[in-house]
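So the structure is just underneath, and the comments pick up after that.
Because the structure is predicted, anything quoted here is derived from the model rather than measured.
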Amino acid sequence: MNIKRIAATISCSLMTVVAHAAVLPATQTDSQWFKDSAANVAAKAQVETKKTAKNVILFVGDGMSISTLTAARILQGQQQTGNQGGEEHFLSFEQFPRTALVKTYNTNQQTPDSAGTMTAMTTGVKTKAGMISISDTSLRGNCLSSKGNELVSLVDLANAKGLSTGVITTARLTHATPAAAYAKSPDRDWESDANLPAEAVANGCTDIASQLVMRDPANALTVALGGGRSYFLPKEVTDGENKAGKRKDGKDLTKAWVTNLSKAAYVWDKKGFDAVDVANTDHLLGLFNPSHMEYEADRNDDVAGEPSLTEMATKSLEILKKNDKGFLLIVESGRIDHGHHAGNASRALTDAVELSNAVKAAIDATSSDDTLIMVTADHSHVFTIAGYPKRGNPILGLVHDVDGSLALANDGKPYTTLAYTNGPGAVVGVRDDLTSVDTQNKDFMQQALIPMESETHAGEDISLHAMGPGSNLVQGVIEQNVIFHIINQAQQLGGTKY
């Protein structure tokens, strides 16, 4: 066997193929798919990224797995008139020039929780599940073990630099994800003083709501908007929606906010929110629900009225931009996670679409020359997109094959494109026949495999999307705590020497 002759023959054949392929046929180059993708690559080749950012906005879709992004983009696309099928649509941030994959595990759990994952993003340190900005050398739920193990957050660093800071969420402001931005607690459940065990009280730990309001004025949040009103009010006080507070210490933290800070305002409903005088408000606290805010799908049914995530982000930016030194804003769409836990894809995806709207509003309200915008999640969910539905098939609907016929499983019954591996929608015994069920109704619960009271998080990577100064650092597969360092370096917060 003459190896050299064989190699020469193969090389000659390859050169002939390449030569014939040098001129692409018109059927290829005239394709809109071809033109659009070529333009996409050309545009990315022109991207130039500055190293430092005056402002940073970090958006976190709680539980926003990659499958959630895919389904949400299709849903939003199908809601727009003239869209071919939804699949070709992009959420606002999916066309950002930089993208990375993010590993989400906690130091003690393969599949994480929000406290540990958000702590990684805000402090640069991974920790145990259930602990907020406390290193993993501590024990969850043990106050004494947390002493000396408190971590400095991005908010702390930004405030020390003289920047304005804000935290927005559709969940309770005291919930794990937003709390990791401003609080230090060995247990995510210590949201009010009523939740503190005797050991915590004896060893001087304070609840999360108190930590938000009773910060030193020099380290105070400029804007804090979300739910969780009852955690800030005494149990003897009834709020505007006739709900009693939870606090046992008799403190009204909403009044303390206004008293302790200059030009401070507190609002609890849409009317009050809309009436905020931005020019004369330097500190704004908004608590729009006793617990979590409504899902976006239900927001218009709220009796007192609630602002949307987009509206909260827009008004926050108006206040934060008054500081010439710059700002750090953290925005959480918290109820994507809750929709998934309930096995309810419709509400989860509608909240993901609203997050996309809020990102678009932030892009419009800032400049890519001085503002780094990052969009990510804290963890994923066991949420699936399955079957072989035809293009344009309603993403919340039953699967229809390419020929339009209803697809049937081996039990002779139809099934939905979206489903969960586990959760409250699990089939026990004979599977329901969905033929005459409106699976696109917002209350429909997707079927699941393993019966559980609440659907669970998942452990696969989530995505990170970025644009603006410092976004060039978003690349590859990264540990979640790298996000802290990207922001720290881009905004030169001083937490690390580079």
Side-chain angles (χ1 to χ4, degrees), residues 32-61 64-70 72-74 76-77 80 83 86-104 121 154 310 313-314 317 321 326-333 352-378 380 461-493 498:
Q32 197 60 45
W33 297 108
F34 190 96
K35 293 178 181 178
D36 290 347
S37 57
N40 179 279
V41 172
K44 288 184 176 180
Q46 301 301 314
V47 173
E48 294 183 6
T49 306
K50 295 181 179 179
K51 291 184 177 180
T52 59
K54 175 183 177 182
N55 313 307
V56 171
I57 308 173
L58 175 63
F59 286 91
V60 180
M64 192 170 66
S65 59
I66 292 177
S67 56
T68 302
L69 291 179
T70 303
R73 95 164 65 106
I74 294 173
Q76 187 177 46
Q80 297 177 351
N83 199 299
E87 296 86 355
E88 68 280 11
H89 182 65
F90 288 93
L91 297 173
S92 61
F93 52 87
E94 290 183 313
Q95 292 186 301
F96 282 7
R98 315 289 186 184
T99 303
L101 292 176
V102 181
K103 300 193 289 182
T104 64
M121 286 188 268
L154 288 169
T310 299
T314 300
L317 288 171
K321 287 194 296 183
F327 63 81
L328 168 68
L329 175 62
I330 297 174
V331 182
E332 185 208 18
S333 180
V353 169
E354 174 57 17
L355 174 64
S356 175
N357 295 338
V359 174
K360 176 62 167 59
I363 295 170
D364 293 341
T366 57
S367 170
S368 59
D369 289 336
D370 64 6
T371 303
L372 169 62
I373 300 179
M374 303 172 72
V375 184
T376 189
D378 48 357
S380 65
D461 298 350
I462 48 85
S463 58
L464 171 63
H465 311 263
M467 65 172 288
S471 62
N472 60 296
L473 301 174
V474 175
Q475 53 184 288
V477 179
I478 62 174
E479 296 285 1
Q480 199 158 33
N481 48 304
V482 170
I483 293 174
F484 166 92
H485 293 282
I486 293 172
I487 296 173
N488 186 27
Q489 182 165 334
Q491 211 165 17
Q492 298 184 328
L493 297 178
Y498 295 99

- Evaluate the side-chain contact (heavy atoms from CB on, under 4.5 Å) criterion for residues L464 and L101: first the C-alpha distance (whole Å), next the side-chain angles of each, then the deciding distance (0.1 Å), finally the verdict. CA-CA 6 Å; L464 171 63; L101 292 176; over 6 Å; no

- Message: Between N55 and Q491, is there a side-chain donor-acceptor contact under 3.5 Å, judged purely by atom types and distance?
- Response: no

- Considering all heavy atoms of both residues, which atom of P469 and which atom of S368 are nearest to each other, and what is their separation? CD-O, 3.2 Å

- Sub-3.5 Å donor-acceptor pair from the side chain of T70 to the main-chain atoms of I66, do we have one? yes

- Query: Within a strict 4.5 Å, meaning less than it, do heavy atoms of the I462 and T104 side chains meet?
  - Reply: yes

- Task: Keeping the roles fixed (side chain from Q480, backbone from D378), state whether a donor-acceptor pair exists under 3.5 Å.
- Result: yes

- Message: Tell me whether the count of non-hydrogen atoms from other residues, nucleotides or ligands lying under 6.0 Å of NZ in K35 goes above 12.
- Response: yes

- Message: Show the nearest heavy-atom pair for residues L355 and M64, with the distance to one decimal.
- Response: CD2-SD, 3.6 Å

- Query: Atom CE in M121, atom CD1 in I487: separation rounded to 0.5 Å?
  - Reply: 9.0 Å

- Message: Counting C-beta onward and ignoring hydrogens, is there a side-chain heavy-atom pair between I330 and F59 closer than 4.5 Å?
- Response: no

- Pairing residues for K360 by the side-chain contact (heavy atoms from CB on, under 4.5 Å) criterion, not counting sequence neighbours: S92, D364

- Message: If I compare all heavy atoms of A466 with all of L372, which pair ends up nearest, and what's the gap?
- Response: CB-CD1, 4.4 Å

- Task: Decide yes or no on side-chain contact (heavy atoms from CB on, under 4.5 Å) for M374 and I57, but give the supporting numbers first.
- Result: CA-CA 6 Å; M374 303 172 72; I57 308 173; over 6 Å; no

- Minimum heavy-atom distance A361-T314, with the two atoms named: CB-OG1, 3.8 Å

- Message: If I take atom OG1 from residue T371 and atom NZ from residue K50, how far apart are they, to the nearest 0.5 angstrom?
- Response: 10.5 Å

- Message: Return the CG to CG distance between L58 and L154, rounded to the nearest 0.5 Å.
- Response: 8.0 Å

- Spacing of Q76 atom CD and S356 atom OG [to the nearest 0.5 Å]: 4.5 Å

- Please lay out, stage by stage, how F96 and I363 fare under the test side-chain contact (heavy atoms from CB on, under 4.5 Å). CA-CA 11 Å; F96 282 7; I363 295 170; 3.6 Å; yes

- Item | Least distance between heavy atoms, Q475 atom then I478 atom | O-CG2, 3.5 Å

- Query: Could you state the interatomic distance from NE2 (H465) to CD (E94), rounded to the nearest 0.5 Å?
  - Reply: 6.0 Å

- Item | By side-chain contact (heavy atoms from CB on, under 4.5 Å) - contacts of L473 (at least two apart) | I486, Q489

- Query: Would you say L329 and V56 make side-chain contact, with heavy atoms under 4.5 Å?
  - Reply: no

- Message: Once rounded to the nearest 0.5 Å, what's the spacing between atom CG of L69 and atom CZ of F93?
- Response: 5.0 Å

- Message: Between E354 and T310, do the side chains contain a donor N or O and an acceptor N or O under 3.5 Å apart?
- Response: yes

- Item | Closest non-hydrogen atom pair between S67 and S65, with its separation | OG-OG, 3.0 Å

- Message: Any side-chain to backbone donor/acceptor pair from K321 onto A365? Under 3.5 Å, distance only.
- Response: yes

- Would a 4.5 Å heavy-atom cut-off, applied to side chains only, mark T99 and V474 as touching? no

